[in-house]
Each structure stands twice: as structure tokens, then as C-alpha cells.
Amino acid sequence: MGRKVRAAELLDNSSGFYIAIPKSADADLIERIIKNSVTGISDSDVRLISGRIDKIYCGLNRRKNHVDIQAAIDASVPVRMIPRILSVRNGWDRRAYVAGSSNQYDVYSYDSLEMAFPSAEICCIGRGMPFMLEKFDAISRLPSDDSTALHEIPGSLFDYLEGAADEIRFYALTPQSFLTILTGTQLNLNLVEVRGSFAQDPKFQSQYILNLNFAFKNETMLKAGRAILMLAFGLTNSQGIEERGNELAIKGIKLDKNQLYKLLAL
């Protein structure tokens with residue numbers, strides 16, 4: 001028996017935005033992602049599949065009219081049900097992909113969307129399907145005790161995403177477009193990156209509590225950016241705001257869930 005593949009290992013390093021969504025953080029969001037990914041799927045099948053998902057890892061690139069998504073999902077996949085759900089009747093085509101080891105994987109496609117289930121524990125969706133299947137094949141053939149780091153994304157980002165438990169964690173390498181979607185305002189803050197987390201507000205199920213960490217190009221840019229961000233998010237100095245070098249942390253922002261759904265094109 002070969003090495004167990006960790007879903008986040010299958011993401012490439014070509015996305016501008018990464019996000020990890022544990023089921024425990026927002027089960028409704030998991031159902032939305034499934035329903036928007038699988039054409040013709042019934043509500044009962046959505047609930048069945050979402051109940052078997054533990055965590056979704058996504059890399060996204062926002063284009064002019066759409067969002068390119070690459071997703072690797074930790075799950076207990078009902079493999080025998082997949083051909084029925086992703087059927088020709090529902091508009092799906094199936095082809096075989098042969099990886100480097102000569103192992104064969106079924107790839108399901110609908111228009112430009114592709115899905116594959118290389119094992120009963122992992123589902124792959126979207127951009128870069130050959131990369132994900134080749135990566136899965138290579139890792140799964142390693143000895144079970146092999147600990148070689150084979151993920152493409154930086155180690156700090158990999159650990160950050162894998163560490164998401166009861167919160168949604170994200171990392172934006174193209175922070176300008178991310179902030180535009182969240183605030184509705186075009187902001188130019190000379191940012192290097194933005195990372196943070198969403199957690200459900202215990203008082204309002206339609207709302208998240210958002211924590212953000214901004215990395216600016218330098219401390220001078222941070223001073224100017226702080227005032228703009230406070231205005232954009234409607235914050236006051238009494239809220240949780242911390243500065244360290246060129247980084248600014250803001251905690252406890254209340255945000256309507258639809259803002260995150262919009263970011264994910266759901």
C-alpha cells in the first residue's frame with residue numbers, strides 16, 4: 001500500500017487566491033459549491049455528497065467574465081454512485097486519463113468543467129486536471145512511510161490551509177481584486193498579500209466574522225492603507241487593529257455571507 005495523498009498536495013502554484021473550507025465551518029457553502037459544480041444533480045444527491053465531504057481546498061483566478069477554479073477535496077466518495085450522478089443523461093462525458101505509472105483515471109466533463117475521483121478519499125475539480133492526476137499518481141506510488149514534501153504551493157501556505165478546522169481560511173496573492181469584491185470599492189493599497197479567516201457569527205447565521213492580515217510593501221504604505229481600510233470596512237479605532245512592521249491585522253469584521261459567495265462566483 002502506497003502513501004496516503006493529502007488533498008492540498010494536488011493544488012498547483014498558478015492561482016491568485018487560495019481557500020480552505022471545512023464542512024464544520026459552513027455546511028451550506030459546501031452544498032452551494034456542489035450544486036454549482038455538478039449540472040443536473042438533485043437536491044438529495046447534493047445532501048448525500050456534502051455529508052461525505054470533510055474539507056475543500058480551492059485555488060481561484062478571477063477572469064473578466066468568470067472564475068477559474070482548481071479544487072481538491074477531502075471526502076469519503078460514494079464511488080459507485082458517480083457514474084449515475086455524472087451521467088450522459090445529465091450532459092456529462094467520460095474519458096480515460098492514463099498517468100505516468102500507466103494507471104487509468106476516469107475524467108468526467110461538462111462544457112469546460114472537469115471532475116475526477118482518483119480515490120475514494122479525494123475528488124478533483126476544474127483547472128489543471130492532468131497536473132492533479134499526475135501528482136496524485138506520483139504521490140500514491142511512494143512508500144507509505146515516505147515524508148517527502150511534494151506540494152507545489154509554498155510550505156507556509158500549505159500548512160496554513162491544512163490547519164483550517166472550524167473556520168474558512170484564505171490567502172490572496174492578488175489582493176486588489178479580492179478587496180474590491182469584499183468592499184465594493186476600488187482600492188489601491190500597494191499590498192503584497194492578504195490572508196485571513198471567516199467564521200460563522202454565532203448570533204446571525206447569515207453573517208461571518210472576518211479576521212484579516214494585510215502585508216504592505218513597506219511601513220509607509222501601511223500608514224496610508226490603514227485609514228482607507230478602516231473607512232472601507234466601517235471600522236473604528238476601538239476595534240481589534242494591530243500593527244507589526246509592514247503588516248496590519250484587523251479582527252472582528254462583520255460581513256454578509258453573500259460577499260464570500262460572490263467571491264467564489266456562487
Pairwise side-chain contact, [X] with [Y], heavy-atom cut-off 4.5 Å (strictly under):
{"X": "Lys223", "Y": "Glu243", "value": "yes"}
{"X": "Tyr261", "Y": "Leu29", "value": "yes"}
{"X": "Asp106", "Y": "Ile82", "value": "no"}

[X] side-chain N/O to [Y] backbone N/O, donor-acceptor pair under 3.5 Å:
{"X": "Ser24", "Y": "Ala165", "value": "yes"}
{"X": "Glu9", "Y": "Phe136", "value": "no"}
{"X": "Tyr18", "Y": "Arg169", "value": "no"}

[X] bridged to [Y] by N-O distance under 4.0 Å:
{"X": "Asp28", "Y": "Lys257", "answer": "no"}
{"X": "Glu162", "Y": "Lys55", "answer": "no"}
{"X": "Glu121", "Y": "Lys4", "answer": "no"}
{"X": "Arg244", "Y": "Glu242", "answer": "no"}
{"X": "Arg127", "Y": "Asp12", "answer": "yes"}

| Given Gln70 and Leu11, is the side chain to side chain contact (heavy atoms under 4.5 Å, CB included) satisfied, shown in steps? | CA-CA 7 Å; Gln70 179 184 63; Leu11 296 179; 3.9 Å; yes

| said: Counting only heavy atoms from other residues, nucleotides and ligands, does the tally under 6.0 Å from NZ of Lys35 exceed 12? | reply: no

| query | Is the CZ atom of Arg95 crowded by more than 12 outside heavy atoms at less than 6.0 Å? | reply | yes

| Pro83 to Val79 - nearest heavy-atom pair and separation | CD-O, 3.5 Å

| task | Given side chain to side chain contact (heavy atoms under 4.5 Å, CB included), test Cys124 with Met129 step by step and report yes or no. | result | CA-CA 7 Å; Cys124 300; Met129 187 60 67; 3.9 Å; yes

| task | Could you go through the side chain to side chain contact (heavy atoms under 4.5 Å, CB included) check for Ile250 and Phe214 one step at a time? | result | CA-CA 8 Å; Ile250 305 178; Phe214 300 90; 3.8 Å; yes

| Residue pairs passing the ring pair (Phe, Tyr, Trp, His ring centres under 6.0 Å) test where at least one lies in residues 171-208, sequence neighbours excluded | Phe17-Phe178, Phe170-Phe178, Phe170-Phe198, Phe198-Tyr208

| query | With under 30° as parallel and over 60° as perpendicular, where do the rings of Tyr108 and Phe117 fit, or are they tilted in between? | reply | perpendicular

| request: For Ile73 and Ile125, run side chain to side chain contact (heavy atoms under 4.5 Å, CB included): C-alpha distance rounded to whole Å, both residues' side-chain angles, the deciding distance at 0.1 Å, then the answer. | output: CA-CA 8 Å; Ile73 302 173; Ile125 300 176; 3.7 Å; yes

